[in-house]
There are 2 protein chains.
Amino acid sequence: MAGSDRPTSRDVARAAGVSQATVSLVLGGKWRGRVSERTAGTVRSVAGELGYRPNAAARSLRLGRTRTALLVVPALTHEYFARVYAGAARVADAHGFGVVLYPSPEGIGPARDPFGPARAAIDGVIASSMAADALAGIADGGLPLVMLDSGPGAQDGPPTVDLAVADGIRQVVRHLVALGHRRITHLAADVDTWTFKVRARTVGEELARVAGARPATERCGLDVASARDAAVRALTAPGPRPTALLCDGDVLAAGACKGARSLGLRVPEDVSVSGFDDLELATALDPELTTVRLPAEEVGARGMAALLALLDGAPVPPVELPVELVARGSTSAAP
Amino acid sequence: MAGSDRPTSRDVARAAGVSQATVSLVLGGKWRGRVSERTAGTVRSVAGELGYRPNAAARSLRLGRTRTALLVVPALTHEYFARVYAGAARVADAHGFGVVLYPSPEGIGPARDPFGPARAAIDGVIASSMAADALAGIADGGLPLVMLDSGPGAQDGPPTVDLAVADGIRQVVRHLVALGHRRITHLAADVDTWTFKVRARTVGEELARVAGARPATERCGLDVASARDAAVRALTAPGPRPTALLCDGDVLAAGACKGARSLGLRVPEDVSVSGFDDLELATALDPELTTVRLPAEEVGARGMAALLALLDGAPVPPVELPVELVARGSTSAAP
DNA sequence: CTGTTAGCGCATTCAA
DNA sequence: TTGAATGCGCTAACAG
């Protein structure tokens with residue numbers, strides 16, 4: 001069990017012939033005018049040679065802060081959240097913070113105990129895309145909290161970082177309408193989170209403005225198979241067949257393409273399909289998906305920045321990040 | 001800054017009319033025959049009412065252990081690693097451990113400092129699919145280390161959990177050969193890790209046994225676009241066109257399908273394509289990919305179990321997990 | 001059965 | 001300019 005006895009600041013102090021306090025000051029970077037340049041140099045080189053690393057537990061205990069944030073996500077297996085994490089971690093790292101991931105079970109239901117699983121003590125929580133009722137368990141701890149992709153909160157609620165989801169949907173609808181589509185079915189994710197509720201509402205609102213539009217909705221789970229089934233239902237429903245399937249995510253769009261093809265329909269000649277998220281999947285498919293690009297890293301980065309500001313007691317205005325339609329091969333003029 | 005003054009064990013002790021030590025014993029679960037049932041009950045209920053949570057920093061400082069493992073992965077954005085994490089976290093959780101993720105920059109090069117980014121102190125490290133030279137920076141810390149998917153190590157090296165990658169490749173090759181394919185091109189990931197080296201070697205070995213086989217290799221990066229280009233190169237190379245593309249991953253296979261189609265070839269009628277990993281992508285594509293299913297969660301779970309054993313000083317035999325060919329629509333009889 | 005004591009490694013007073 | 005002393009919250013000895 002090598003390495004179990006790492007050098008302590010006292011070891012460094014002894015080796016350098018100074019006191020522990022001096023070591024702490026020098027290594028803490030707050031010695032300007034309190035320790036001589038020469039002594040500081042000695043301390044630093046001795047610490048380096050000994051391979052000294054401050055003990056995080058002791059420091060946390062003393063400071064009362066851990067310099068660690070907890071990022072709560074509904075599912076780790078999704079590329080979007082991986083990118084959110086990457087963005088958060090980048091900003092955190094730049095500020096000497098760490099980020100610990102906590103995949104909330106099922107993404108739904110109150111997170112049982114944000115502190116059991118993530119053993120490390122936490123300075124604050126960043127919750128991403130959580131279901132409405134999942135918040136209780138988190139805000140509970142009285143910890144500083146930032147909400148990502150969860151809609152504008154109350155005026156005095158936690159800071160928020162949101163995506164312009166409604167605008168994204170609007171861009172998709174207008175894209176489809178401009179291509180001549182009127183019979184558009186929304187493949188809606190059957191998930192009770194802000195982002196999906198906004199998508200559903202916006203599709204309805206936007207289509208209501210279009211003369212001759214025939215909106216419809218088909219609900220489905222978040223996986224390929226479920227979306228394929230929903231697409232088949234949508235395309236075989238009584239009445240004129242929809243010419244476009246507007247899907248709540250790229251994964252759903254992939255399923256929709258499969259469903260259409262299983263009926264002998266071609267994408268996009270017979271039916272156009274649009275996605276949302278712009279995952280790698282969007283360009284892995286053939287044809288590539290028309291979709292909406294989400295600045296996932298930026299969401300994570302701004303979320304972490306908001307948490308840092310919150311910890312500093314600084315005011316944190318809500319953020320809304322723009323999204324962008326990416327037109328590719330899966331949509332074309334209505335037949 | 002609400003909640004900054006959480007109750008301590010002393011607060012609980014005072015409120016319950018006992019000593020701090022008693023609280024510690026009861027809540028630590030080691031009071032059998034040392035504290036009366038009645039007192040224990042009182043302590044527990046008082047702790048509950050006060051919303052007491054033990055301070056992780058203090059506990060770590062005292063115990064010298066943090067009950068936290070660091071999982072180092074080359075890329076978070078990959079479904080495989082998300083699953084490895086899930087498996088590791090599940091086992092960890094069952095043992096009161098947490099898992100912190102550390103995405104090693106670029107997946108290559110020595111991880112600069114596993115302890116800076118992951119501020120939380122660490123009891124041990126689980127490294128997954130790391131490049132050969134990335135190990136130095138990790139094993140360095142003298143921390144208990146487990147290696148995942150990195151090949152059988154030295155006899156006295158760190159414990160390993162590996163996948164039967166060679167067997168997986170063998171199954172794919174035999175599947176293709178049984179379908180009548182002889183001109184098989186290996187779309188090989190241009191990455192210097194054990195798993196990809198084994199794949200390349202095994203394809204060669206296995207094909208060498210087949211009479212009339214015409215093996216070829218095309219190298220590419222790990223993304224769709226790079227694989228598409230490689231597939232185009234493979235399918236337009238001088239000489240008879242390959243009838244099958246054996247790809248080092250599902251993502252590459254997706255690119256290969258696109259490449260084939262861009263040349264007017266159909267999958268699988270004109271060219272068969274096989275993947276590796278069995279990501280969700282494999283069934284999102286049309287046709288679905290013939291691929292090799294990797295027990296990613298199991299890898300993570302066994303890795304965490306190995307680390308726990310290591311921390312207990314128990315012997316840790318190497319583990320090799322079986323993989324399984326999943327035949328789907330992207331492969332068929334050679335034309 | 002329960003309470004008292006000591007010390008984990010660090011950052012920070014206060015004295016020198 | 002530096003050193004000695006203190007306590008963060010907890011657990012493990014040892015007393016009672």
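Chain naming here is simple, since letters A, B, ... match the order of the sequence lines and numbering starts at 1 in each.
- You'll find that the side chain of A:Arg62 is closest to C:dA11, out of D:dA12, D:dC10, C:dA11.
- In this structure, A:Leu308 and A:Val91 have side chains that are in contact, with non-hydrogen atoms separated by less than 4.5 Å.
- Between the side chain of A:Asp162 and the backbone N or O of A:Glu320 there is no donor-acceptor pair closer than 3.5 Å.
- For the pair B:Arg14 CZ and C:dG3 P, the interatomic distance rounds to 14 Å; values are reported in whole Å.
- The OH-C1' distance, from B:Tyr52 to D:dG9, rounds to 7 Å in whole Å.
- Taking atom NZ of B:Lys30 as the reference point, atom C1' of D:dA12 lies 9 Å away to the nearest angstrom.
- Distances shorter than 4.0 Å separate some side-chain N or O of A:Thr22 from OP1 or OP2 on D:dG3.
- Using a 4.0 Å cut-off between charged nitrogen and carboxylate oxygen, B:Arg14 and B:Asp11 count as a salt-bridge pair.
- Put simply, CZ on A:Arg65 is 16 Å from P on C:dC10, counting in whole angstrom units.
- Atom C1' of nucleotide C:dA11 and atom CG of A:Leu63 are separated by 7 Å, given to the nearest angstrom.
- For the OP1/OP2 pair of C:dC10 and a distance below 4.0 Å, the side-chain nitrogens and oxygens of A:Ser9 include at least one atom meeting the criterion.
- Taking atom CZ on B:Arg10 and atom C1' on D:dG7, their separation rounds to 9 Å, with Å as the unit.
- Atom CG in B:Asn55 sits roughly 18 Å away from atom P in D:dG7 (whole-Å rounding).
- Closest to the side chain of B:Arg59, out of D:dG3, C:dC10, D:dC10, is D:dC10.
- Nearest-nucleotide positions on DNA chain D for B:Arg34 and B:Ser24 put B:Ser24 closer to the 5' end.
- Looking at B:His95, its side chain never comes within 3.5 Å of a backbone N or O of B:Phe97 through a donor-acceptor pair.
- No engagement by B:Leu25 is indicated, since no non-hydrogen atom pair under 4.0 Å with the nucleic acid exists.
- Across all strands shown, A:Val23 has no heavy atoms under 4.0 Å from either base or sugar-phosphate atoms.
- OP1 and OP2 of C:dC1 both lie 4.0 Å or more from every side-chain N or O belonging to B:Thr39.
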#### Entry: A:Asp123 vs A:Arg67, salt bridge (Lys or Arg N to Asp or Glu O under 4.0 Å): CA-CA, chis, key distance, verdict
CA-CA 6 Å; A:Asp123 283 346; A:Arg67 302 192 82 74; over 6 Å; no
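- Of the listed nucleotides (C:dC10, D:dC8, D:dC10), D:dC10 has the atom at the smallest distance from the side chain of B:Gln20.
- As judged by a 4.0 angstrom heavy-atom cut-off over every strand, A:Thr8 is placed among residues touching the sugar-phosphate backbone only.
- Each of C:dG9, D:dT2, C:dT2 was ranked by its minimum atom distance to the side chain of B:Val35; first place goes to C:dT2.
- The separation between B:Leu27 atom CG and D:dA12 atom P is 13 Å, rounded to whole Å.
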